[in-house]
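Below, chain A is the first sequence line, B the second, and so on; all start at residue 1.
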Amino acid sequence: MPELPEIEIVKRSLFKMINKAKIIGIKINNKNLRYKIPNTFSNELINEKILRISRRSKYLILHLKRKLLLIHLGMSGKILLMRARDAAIFKTSFYYNVDKTSKHNHIYFTLNNGFILIYNDVRRFGFFKLFYNIDLNKIPFIKKLGPEPFSKSFNKKYFKNFIKNKIKNIKNLLMDQKFVSGLGNIYVNEILYMCKINPLKSCKNLSSGEIGQLIINTRAVLKFSISKGGSSIRDFKNTLGKTGKFQQFFHVYSMENKNCSRISCKGKIKKMFISKRSSFYCNKCQK
DNA sequence: AGGCATGTTACAGG
DNA sequence: ACCTGTAACATGCC
């Protein structure tokens with residue numbers, strides 16, 4: 001999936017284009033996402049106004065009157081915005097499965113401001129789920145999440161306290177959404193490279209300085225990626241169907257056998273698997 | 001052909 | 001109850 005920066009990019013463009021718009025039409029082509037879309041779904045959303053759009057970790061939230069629509073993009077979900085008049089021009093490829101990707105358009109929202117929102121997801125690991133009269137922080141998916149990387153509560157004291165009695169390696173720790181929420185495989189690899197820390201290093205052996213560096217670089221890497229529109233490896237597209245640019249700045253992710261990008265370092269980027277996930281690191285500066 | 005892919009969860013076993 | 005690791009979900013790409 002899209003990790004935190006990619007969701008943030010989507011959130012920003014949804015805010016710009018469809019905040020305060022009203023949902024005036026819903027069409028569902030495939031209910032079988034990660035959670036099956038109930039038959040009542042369309043009735044509950046029709047004529048609802050989008051009052052606010054927010055992000056928590058890798059989740060998008062559309063705030064409606066007394067309802068929250070929680071959206072997760074899974075591994076390959078995309079939200080596309082199209083002007084209704086353009087959709088009409090491309091009607092054949094838009095509504096019918098003539099092109100390769102449109103057969104994975106699962107949900108359409110027609111909005112009263114001239115836009116159509118399309119949910120497209122090849123692997124269907126993503127989901128749309130509606131909650132009534134509930135605080136965002138009490139939603140099952142949200143309530144177990146650790147702090148946002150940019151929040152004040154993600155600090156050295158919290159970090160040190162969390163890793164007490166833990167035997168995890170640092171890579172799996174950063175991947176743990178209960179520890180810090182929003183990071184995934186790409187960004188964890190990049191953050192550890194920035195910190196010059198080996199992904200297998202046990203979190204109980206981290207120095208206080210390294211913990212500080214991990215917090216600083218987590219924020220720096222995410223922020224820089226957001227400024228580049230997120231990363232697109234294979235799937236990620238923003239709401240206009242454009243790819244992000246952060247992948248051009250990867251130091252380690254997918255860079256197996258390349259030279260380390262630190263000029264003074266003569267190391268090579270190596271690949272290994274940690275908990276079944278590919279991990280990339282420099283064999284010299286991440287000893 | 002088979003392994004791999006930005007994620008999460010349910011489950012088994014300790 | 002907690003912790004850890006693994007398999008599964010569905011599809012496409014190399």
Between [options], which one does the side chain of [X] approach most closely?
| X | options | value |
| --- | --- | --- |
| A/Ile167 | B/dT6, C/dT4, C/dG12 | C/dT4 |
| A/Asn172 | B/dA5, C/dG5, B/dG7 | C/dG5 |
| A/Lys276 | C/dA7, B/dT8, C/dA10 | C/dA7 |
| A/Phe141 | B/dT6, B/dT9, B/dC4 | B/dT9 |
| A/Tyr59 | B/dT8, C/dA10, C/dG12 | B/dT8 |
| A/Val122 | B/dC4, C/dA10, C/dT11 | C/dT11 |
| A/Ser278 | B/dG7, C/dT11, B/dT6 | B/dT6 |
| A/Lys166 | C/dT11, C/dC3, B/dC4 | C/dC3 |

**Message:** For B/dT8 and A/His72 - does any side-chain N or O of the residue sit under 4.0 Å from the phosphate oxygens OP1/OP2?
**Reply:** yes

**N/O (side chain, A/His104) to phosphate O (OP1/OP2, C/dA10) under 4.0 Å** =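 Looking at the OP1 and OP2 atoms of C/dA10, neither is under 4.0 Å from any side-chain N or O of A/His104.
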
**Prompt:** Are A/Arg55 and A/Leu4 close enough, and set up right, to give a side chain to side chain contact (heavy atoms under 4.5 Å, CB included), and what steps lead you there?
**Reply:** CA-CA 9 Å; A/Arg55 176 192 64 72; A/Leu4 186 153; 3.4 Å; yes

Starting from [atom2] on [N], measure out to [atom1] on [X] and report it in whole angstrom.
| X | N | atom1 | atom2 | result |
| --- | --- | --- | --- | --- |
| A/Phe125 | C/dT11 | CZ | C1' | 8 Å |
| A/Tyr119 | C/dA10 | OH | C1' | 12 Å |
| A/Lys168 | C/dC2 | NZ | C1' | 12 Å |
| A/Leu33 | B/dT9 | CG | P | 15 Å |
| A/Arg34 | C/dT11 | CZ | P | 16 Å |
| A/Met75 | C/dC9 | CE | C1' | 10 Å |
| A/Arg123 | C/dA10 | CZ | C1' | 8 Å |
| A/Phe273 | C/dA7 | CZ | P | 14 Å |

Give one of base, sugar-phosphate or nothing for [X], where a contact means two heavy atoms less than 4.0 Å apart.
| X | answer |
| --- | --- |
| A/Phe127 | nothing |
| A/Tyr187 | nothing |
| A/Lys144 | sugar-phosphate |

Could you tell me how far [M] sits from [N] if I compare only their [atom1] atoms? Round to whole Å.
| N | M | atom1 | value |
| --- | --- | --- | --- |
| C/dT6 | B/dC4 | P | 14 Å |
| B/dT6 | C/dC14 | P | 15 Å |
| B/dT9 | C/dG12 | P | 25 Å |

**Message:** As a check on the pairing definition, encode DNA chain C in dot-bracket form, counting Watson-Crick and G-U wobble pairs whose two distances are under 3.5 Å, and using | for partners outside this strand.
**Reply:** .||||||||.||||

**Message:** A/Glu210 and salt bridge (Lys or Arg N to Asp or Glu O under 4.0 Å): which single residue from A/Lys201, A/Lys196, A/Lys160 fits?
**Reply:** A/Lys201

[X] ring center near [Y] ring center (under 6.0 Å):
| X | Y | value |
| --- | --- | --- |
| A/Phe246 | A/Tyr253 | no |
| A/Phe109 | A/Phe115 | no |
| A/Phe131 | A/Tyr59 | no |

**Request:** Sequence neighbours left out, what pairs pass salt bridge (Lys or Arg N to Asp or Glu O under 4.0 Å) with at least one residue falling in residues 31-53 of chain A?
**Result:**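 Listed once each, the pairs are A/Glu48-A/Lys67.
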
**Request:** Specify the residue among A/Lys178 and A/Ser275 whose closest nucleotide of DNA chain C lies further upstream toward the 5′ end.
**Result:** A/Lys178

**Request:** Specify the residue among A/Asn165 and A/Asn30 whose closest nucleotide of DNA chain C lies further upstream toward the 5′ end.
**Result:** A/Asn165

**Request:** Might you confirm whether atom NZ of A/Lys168 has over 12 heavy atoms from other residues, nucleotides or ligands at distances under 6.0 Å?
**Result:** yes

**Donor-acceptor contact below 3.5 Å, side chain A/Gln248 vs main chain A/Ser231** = no

**Asked** Below 4.0 angstrom, N of the basic side chain to O of the carboxylate: do A/Arg56 and A/Glu148 qualify?
**Response**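 Salt bridge present between A/Arg56 and A/Glu148.
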
